Amino acid sequence: MQEQIEKIKKNALEEIEKVQETKTLNEVKVKYLGKKGELTQVLRGMGELSPEERPKVGNSVNKARSEIEKAIEEKEEKFANQELQKKLEKETIDITLPGSKIKRGSKHPVNRVIEEIEDLFVSMGYDVVAGPELETDEFCFERLNLPKGHPARDMQDSFYITNEYLLRTQTSAVQARTMLANTEKTPIRMICAGKTYRREDDATHSHQFGQVEGLVIDKKERNVSLADLKGTLEIFVKKLIGKNCELRFRPSYFPFTEPSYEVDVSCFKCGGKGCSLCKQTGWIEVLGAGIVHPNVLKMNGYDPEKYGGFAFGTGLERLAMFKYEIPDMRYLYANDIRFLSQFDRKDEE
Ligand code: DAH
């Protein structure tokens with residue numbers, strides 16, 4: 001019996017030694033230690049032994065069993081380690097590789113333009129001012145020398161909420177607000193960018209768009225002149241769009257300025273030679289501007305005998321289109337990520 005146990009043990013240990021994978025190890029485990037395993041069979045046969053022999057055989061079986069178990073455990077541990085090792089090797093991380101890029105949102109081109117304009121004018125001593133989008137007829141028109149029934153109102157089809165309230169059609173409303181709010185009647189240098197609305201529904205106009213307004217008022221003796229206006233707009237356009245831009249002032253009409261001008265910029269696409277964008281003229285109309293009308297000064301609390309200045313206004317989309325060479329204004333509103341993501345860090349380049 002003892003010999004048989006020794007033999008079983010020897011065979012088991014040899015087999016365990018040879019095993020190469022977990023699956024066969026389990027089979028060996030069942031073969032020797034399982035319910036029908038060889039060692040268990042030996043225990044079953046113990047009934048035939050004499051009472052003196054039984055404990056001895058029992059002891060040997062237990063010893064053999066624990067030796068086999070130990071060998072199996074060691075092997076299992078070895079396999080587990082090997083498995084882990086393999087996994088670790090596969091998962092090696094090269095910390096010198098560049099990290100994966102974090103996707104960041106980007107500023108809308110129109111907002112970029114607003115920020116750039118504000119920065120520029122702040123650097124020239126202007127205040128950044130805001131006004132309401134829901135405006136009164138009084139501030140949007142009347143205080144800008146556009147009384148009820150004035151024909152120039154026809155140019156700005158409006159969204160009236162009531163007879164008195166409307167969505168502002170122009171940021172010029174903020175001119176009147178700024179002058180009136182300045183009770184001390186000190187000089188003004190202000191810039192205001194924001195949303196404006198008109199009842200437009202054709203292919204080249206949007207019912208909502210952006211404008212920026214500038215206003216400078218100072219004492220007469222400081223002599224804020226057309227030359228200052230020209231110089232200011234030249235700095236503005238060249239800084240924003242490009243050094244090589246040419247400016248052209250054309251006489252025009254706005255009720256709140258006298259004289260009034262329309263300011264054209266040489267076409268960014270053809271450089272002034274003439275193309276489809278500038279309708280073969282070489283110029284694109286960009287700004288409205290002029291010397292503040294005495295009526296506007298008077299209506300908003302500034303004595304036109306003592307004060308004078310200039311004002312200008314322009315559309316933000318147009319500036320963004322020039323600056324970034326965007327061929328179609330609708331791209332600005334389409335919210336297409338393929339378009340918008342092109343403006344990532346464009347200003348920093
Ligand atoms: N508010 C005018 C418009 O929407 C633009 C404009 C023209 C603004 C002349 C001005 C200005 O301040 O002086 O068409």
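Counting convention: from 1, in listed order, for ligands and their atoms alike. Here the structure is a predicted model, which means the values were calculated and not measured. No hydrogens, no waters, no symmetry mates; every other heavy atom, side chains included, goes into these values. Position 1 is the first residue of the sequence; numbering continues from there.
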Novice: Give me the ring orientation class for F343 and F339: parallel if the planes are under 30° apart, tilted from 30 to 60°, perpendicular past 60°.
Specialist: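 Geometry flag for F339 against F343: perpendicular rings.
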
Novice: When you look at NZ of K107, are more than 12 heavy atoms from neighbouring residues, nucleotides or ligands closer to it than 6.0 Å?
Specialist: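 No - once you tally the heavy atoms of other residues, nucleotides and ligands closer than 6.0 Å, there are 12 at most.
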
Novice: Are any of the side-chain heavy atoms of I188 and V216 separated by less than 4.5 Å?
Specialist: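 Not touching, per the 4.5 Å side-chain cut-off.
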
Novice: Does K185 reach the main-chain N or O of M179 with its side chain, forming a donor-acceptor pair under 3.5 Å?
Specialist: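 A pair under 3.5 Å: yes.
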
Novice: Kindly tell me which protein residues have any non-hydrogen atom under 4.0 angstrom away from an atom of ligand 1, grouped by chain and ordered by number?
Specialist: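 Lining ligand 1 at under 4.0 Å, by heavy atoms, one finds Q156, Q170, S172, Q175, R198, Q211, E213, F254, F256, T257, G288, A289, G290, A311, F312, G313.
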
Novice: Any sub-3.5 Å donor-acceptor pair from R318's side-chain atoms to E285's backbone N or O?
Specialist: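 Yes; judged by distance alone, with no hydrogens or angles, the pair exists.
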
Novice: Parallel, tilted or perpendicular: which describes the rings of F159 and H207, with under 30° parallel and over 60° perpendicular?
Specialist: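 The arrangement is perpendicular - the two ring planes meet at more than 60°.
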
